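Note sheet for the following structure.
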Amino acid sequence: MKLLQTEKLTRAYGGVMAVNEVDFSAQEGLITGLIGPNGAGKTTLFNNMTGLDIPTEGKVFFDEKEITGFPSHKIARLGIARTFQNIRLFKEMSVIENVMIGRHFMTGESPHKKRLTNMFKSYFFMESEEALMLENAHKWLNFFDMDEFANEDAKNLPYGRQRELEIARALASNPKILFLDEPAAGMNPQETEHLMDTIRKIRDTGVTVVLIEHDMKLVMSICDNITVLNYGQKIAQGTPKEIKNNPLVIEAYLGKEE
Amino acid sequence: MVNFFLLILIYSGIYALMAIGQNLITGYTGMLSLCQAGFFAIGSYVTAILATSLGWSLWATLPVAALLSAMFGVLIGLPTLRLKGDYLAIATLGFGEIVRNVLNNWDSLTGGPMGIQRIPMATIFSFTINPYKKWAFLALVILIVVISYYLFERLGRSRMGRALQAIRDDEIAAASMGINVTKYKVWAFAIGASVAGIAGSLQSVFSLSVTPNSYTFMVSIMVLCMVVLGGMGNFAAVILGAFIIQLISYFPQLTGLSSVIPPQFKQILFGLILVVMMIWRPQGIIGVRSYRVGQKKSKAKGAK
Amino acid sequence: MALLNIDNISVSYGSIKALKQVSMHVNEGDIVSLIGANGAGKSTLLKAIVGLEPLVEGSITFEDEIICCDTVSKSVPTEKIAKKGIALVPEGRRVFADMSVEENLDMGAFLIRDEEVIRKKKEEMYDFFPILGARRKQKTRSLSGGEQQMMAIARALMSSPRMILLDEPGLGLAPLIIQDIFDKIAYINKSENVTVFLVEQNARMALKASTEGYVMENGRIVLSGSSKDLLNNDSVQSAYLGA
Amino acid sequence: MKKSLLTVLAIVMIAPAFVFAQGDKEEAYNVGFIGPMTGDYANYGILCNNSAVLAVEKFNEAGGINGTPVTLITEDSEGTIEKASSSIEKLSSTDNILALVGPIFTGSTFSVADRCQNEGIPLITPSATHADITKTGDMIFRTVVSDGLQGEVAGHYFYEVLGHRKLAVLYAKNDYSQGLYESMSATFESLGGEIVAAETCLVGDKDFKTQLTKIKAAQPDAIYIPNYTVEMAQILEQAAQLSVGAPFVSCDGFSNPEIYNLAGAYTDGVVYVGPAKVEASDAFNEFAEEYKSVYGIEPDSFAINAYDGANIILNAIKTAAADGKATRQEVRDAIAATKDYEGVGGIINFAENGDLVAYQGVYKVNGTTPEYLGAFQVVNGKLVKVD
Amino acid sequence: MGSLSEFFQHFVNGLTLGGVYALIALGYTMVYGILKFINFAHGDVLMVGAYIGLFVFDALRGSAPLGAWTFIAFFLAMLISMVLTAALGVVIERVAYKPLRKASRLAPLLSAIGVSFILSNSAAWAWGTQSRKLNYPFDNTPFEIGGVVITPHQVLVLVVSILMMVALKVFVDRSRMGKAMRATSLDQDTARLMGINVNVVISLTFAIGSALAAAGGMLIALDFKAYPTMGMMLGLKAFVAAVVGGIGNIGGAMLGGITLGLLETFGVAVFGIPQAMKDTISFAVLIIVLLVRPQGLLGKVVREKV
């Protein structure tokens, strides 16, 4: 089943078509890769699916409901979580707080009931809810084997750990689908290897994964499905094997044979 | 002598309330607002007007002052919140000046430049909290500061506080985590404004008269200095900041040198402190304290 | 004789060590490439060479003169390093977007006082990169990525540097354009005798273009040697070429 | 971290230590002064403070109180209620003052007066003109006439003597200026005159061209400017620049000789209502000369009032201390008992409520010299020339 | 509103008031353009410039009657004041702002507020709080055109502010150092890579901004007098003008100043808003502009990249 799909999604900046009539889809329970040379429009497509940007034309569907133009906090609440190319952590906050934020919208009597009482609600009333949040946060930190850093400031973590924390934060919101924007960027081969295992593990918990990545080794070995963009257009879609042998893809990456 | 020191404490308390609100807006949410003076003025005038013309008691006017200030907080907040940094600062500064301008010109309601005099004193049951007898009034101020501190500290630790900090650190990431950024920013503004309104009410029943020129944007800047001096994002530090700034501003009187020191020296000193602090310790005297939660909670608490 | 000598340098961002005791050298007239994954510390190294990142240890010498070391007072400020003849084409091109192509080139020649020389130099650049000549009055903002990259290189060449540092010139560009840029780099190296130090993620392309190569991983130099050897080195292949 | 905490602690500890080390001195005769010494209104506070300082110095030179000098303690109100009330707090509790000169502005005077009444400190303000100030209680006096009195005479004089029927007003949105405007216009309109334009400004404004252009278009017989020295100088100059033909009439603020430095020949022809003057007395000349030689500037009418106010207080303390010890109540009674005091600004008597009993003087400026046209009083709704 | 001549009179008044705002706004815009921070002390630097000019002019002029010499003396005084004030500006930058270049945006703003305090109160302490008159060095008798009264001073203010704007524009667009300034404002690190000494460029920016302030301060003091707090409100208004016009944009500062001057004047003259509320007009305009067109009338949009 297609958990998420776009229909002729177009995003233009001035006259430049960053994304041009792209039909993208992600199958439930699988890992979908989104690849293409730099500047192909991958991140723009991500932003348009997660509400950070609004498409000029076209539609986005999630779980068969249209979500085009939804603000990003609403999209997040539907069960769509993401990470960013240039890590966006809450730097001044502790690691565990970062993960707890991921669960933010699932707590409180939000979104519509007794907002005011919630805000000043005594610590004691919140204790049980806090405890649940904490438990959940620790669970995800343990998942990444980084519980020991729980009380570090996020900005003090090593680079690789920051990437992992960002994923942990996204997972804390219990998403149905997870968007990863270049999760392996800046990692060494061992770390990348480890990350591949992690992503598989995430899929095995039932979360659909969509990722942008330059590391072909990673993409080819863990993705079930790959979509290739070039100059804002979809040029190919298929299994890793099909993609590897697609002449259009080879041309996009290596240039035309002379 | 003791009385004068008590007076400084009372003003420290009143300003600490404003600083607490500013801290929520600036320290927690990262919005550089410069209109606490405006909310302070609104609170003062609400109490002054309701008490003199309708005979309401302080306790009846307090919630109105807090609510009305909060309403204005939302009013200024909603349209300006998408402004960033310096732009927000100027827009809010402008709002503060507009409030003062309106108070100065709406003669039929505010008494115009004459202000409102002879505001009735606050009472608890039948006991009058006479601002001339400082202890009682100080107790009242401390009570309100302590309650506010408690509530804000809780607020800071609650999910809302966490959401605000997340917005401060990275708005886009916060939105992607399902946080309704606009809603929280407006709430922060409203709540931050409401304590300033309460501070205004107290100021009214303490000085027993109000005039528009007590609410210049210098007040907003003083409040901001308190937050910066103490340490942004830390409510206790901010209260200390309020106390220190008040000590500085009453330094000549405190040391009994007010006839010796040219009056401008205090202001020059104030300016120097700002410059030196920014260069030497921009994070404030105490600095930011981020909360530690989880297994090391008790330990972290003990260490502070 | 090494033109640029990097001796045991380290750079930190707060508690994170971005470079760990890196040593390397660049000989006059060579094209040297530095390859490695995103975040390995390649850009940091280039920034350190031009004095934009302070060193916590070690030193960098250019023509036997110390230009950077662990004490700020003994290090040469960036603008003076530029004067010594090192030009950096920064990552992401960093063009002055609100200025025209011509003004950008003027900035590249900031240190040259002679108007006539500047004019000649600009003509030279317009000949070399005809597309820039055609767009000389346009705001750089409106140029495409490839054109901006050419402009950034041209801007660096305006000061007639002894050595040019290129930080990922291929970033975000279509393969054909990258090839074009690499050809130009090789030409500059030959015809103008400009030493080139090239940082690239695209390992194959960089190694093919260069004579010497270094491989960086997590802030350390893990391999070095002639480009040819590196190209055939198994571990390089597996880690960086995805083969 | 530790170091900075220590610093903070040090500040917190030392500051109060200073306070307590001060202690209360035995048998000190302290007089307080409150006025804006910094900020936008500083000039008005400083001019008056100069007078008070001068008065105390001369008094001490003359022997003080049985050889003990009187100390004047000046506090800065910064023009705000908050600082004014903390100033009175400090003067009252720390310095244990016997009496207070000031504050300068109506707003802060209200709040300080409440406090003085409560503590039993006699207060003489040289410049707060709001009619209700002396209603605070029996401790409150002033050596300036209330708005009501001045505005009443002004209204009558403009209508009856000058024969104006259509007046334009340009006043500042502040207590003093607006108070004068309101009382003058009430009288003027009750006599049948018409206010054809009432324009406002703020103290500190420098550009009045918009208001003057509007006023010019309203074609008034004269323009009333109950305003402050600098603002009035500015108005006169810009009126000339805009070729506004109508003559100007003004208030006691015009008695500050500084206006002639700032506005020069533009002051020619202005008629203003100010404090009545006994023949330019020797005392006045002596004071004005001394003031100028010490401070380099000339005193304005408020500074004159402040000088007289300070002297009345000093004399009252002397009277009260005749038995060896002076209390605030004794000083208050001695002030209230002041009769026909010959001040530099004229004869001073206090009414039952503490208001100054005075006639209003009317002046006309010829070139840059004010000519005294005589003293006036309104009796039963009729303007009467005194003397 | 009555006659046509009254309308034009208001127009001329608004235009010159706008010219005054524009004069100050130029300095704000220059500093903001390069360092992206509000130099709160700019108005106070202007005040110091006005005082220096006043003292020098009085000394040079002595008791000479109005004539060619007074005119020359005035511009000599202006020159001296500009040089001294430029030096002051450079010193302020070095001491109070330079150490904060890498700090959060709040830090330099507060430091600038501190400097503003120090300058205005030091001036009050040293020179007294009373307003001082800077005498006209020329005959300021107004003349009339079609019922509209104009003074030579008004003409001077407008002419000088336009001249300054044009000179500044030409300098920034054409000269070597001007281009270096723009390069520095766009990207400091890259500017350094070009061999531009960023510190020198920033010092120069402050020097020019302060010199302009000194000249503006003297022209303003001719009409408005010199006093220690003159920089405060004028500075704020000028800043509003700079933002309305599009901060960082030289032409925008001019446009913003004139717009604000005209709006304030006509708001009072046509819509009957009391003059005491005119600050409300400015700040309301500010808020509206920030909401509708945050980059200002002539500014450019900058989009945050995700």
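Throughout, a chain's letter reflects where its sequence line sits, starting with A, and its residues are numbered from 1. Computed from a predicted model, the values in this text were never measured in an experiment.
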Tell me, side chain or backbone of B:Tyr250 under 4.5 Å from chain D's heavy atoms, or both, or neither?
side chain
Side chain, backbone, both or neither: which part of B:Gln264 has a non-hydrogen atom closer than 4.5 Å to chain D?
both
Quick check against the 3.5 Å criterion: does D:Gln117 have a side-chain atom that pairs as donor or acceptor with the backbone of D:Asp138?
yes
OH on B:Tyr11 to CG on B:Leu202, rounded to 0.5 Å
11.5 Å
Atom OG1 of D:Thr200 and atom CG of D:Leu170: how far apart are they, to the nearest 0.5 Å?
8.0 Å
If we define contacts as heavy-atom pairs under 4.5 Å, which of B:Asn213, B:Ile248, B:Ile10 has the most with chain D?
B:Asn213
Any chance the side chains of D:Thr38 and B:Gln267 put a donor and an acceptor closer than 3.5 Å?
yes
Does some side-chain heavy atom of [Y] sit less than 4.5 Å from a side-chain heavy atom of [X]?
X: D:His130; Y: D:Asp175; answer: no
X: D:Cys251; Y: D:Asn227; answer: no
X: B:Leu240; Y: B:Met226; answer: no

Can you tell which of D:Tyr181, D:Tyr228, D:Tyr176, D:Tyr224 makes a ring pair (Phe, Tyr, Trp, His ring centres under 6.0 Å) with D:Tyr171?
D:Tyr181
Among [options], single out the residue with the greatest number of heavy-atom pairs under 4.5 Å to chain B.
options: D:Gly107, D:Ser86, D:Ser85; answer: D:Ser86
options: D:Val112, D:Asp114, D:Thr106; answer: D:Asp114
options: D:Asn118, D:Asp76, D:Asn174; answer: D:Asn118

Engaged part of D:Leu91 at the chain B interface, taking heavy atoms whose separation is under 4.5 Å
neither
Can you tell which part of D:Thr136 gets under 4.5 Å to a heavy atom of chain B, answering side chain, backbone, both or neither?
both
With a 4.5 Å heavy-atom cut-off (strictly below), which parts of residues 102-112 of chain B touch chain D? List them by number.
B:Asn104, B:Asn105, B:Asp107
Restricting to ring pair (Phe, Tyr, Trp, His ring centres under 6.0 Å), what partner residues turn up for D:Phe33, sequence neighbours left out?
none
Do D:Lys83 and D:Glu75 meet the salt-bridge criterion of a basic N to acidic O distance under 4.0 Å?
no
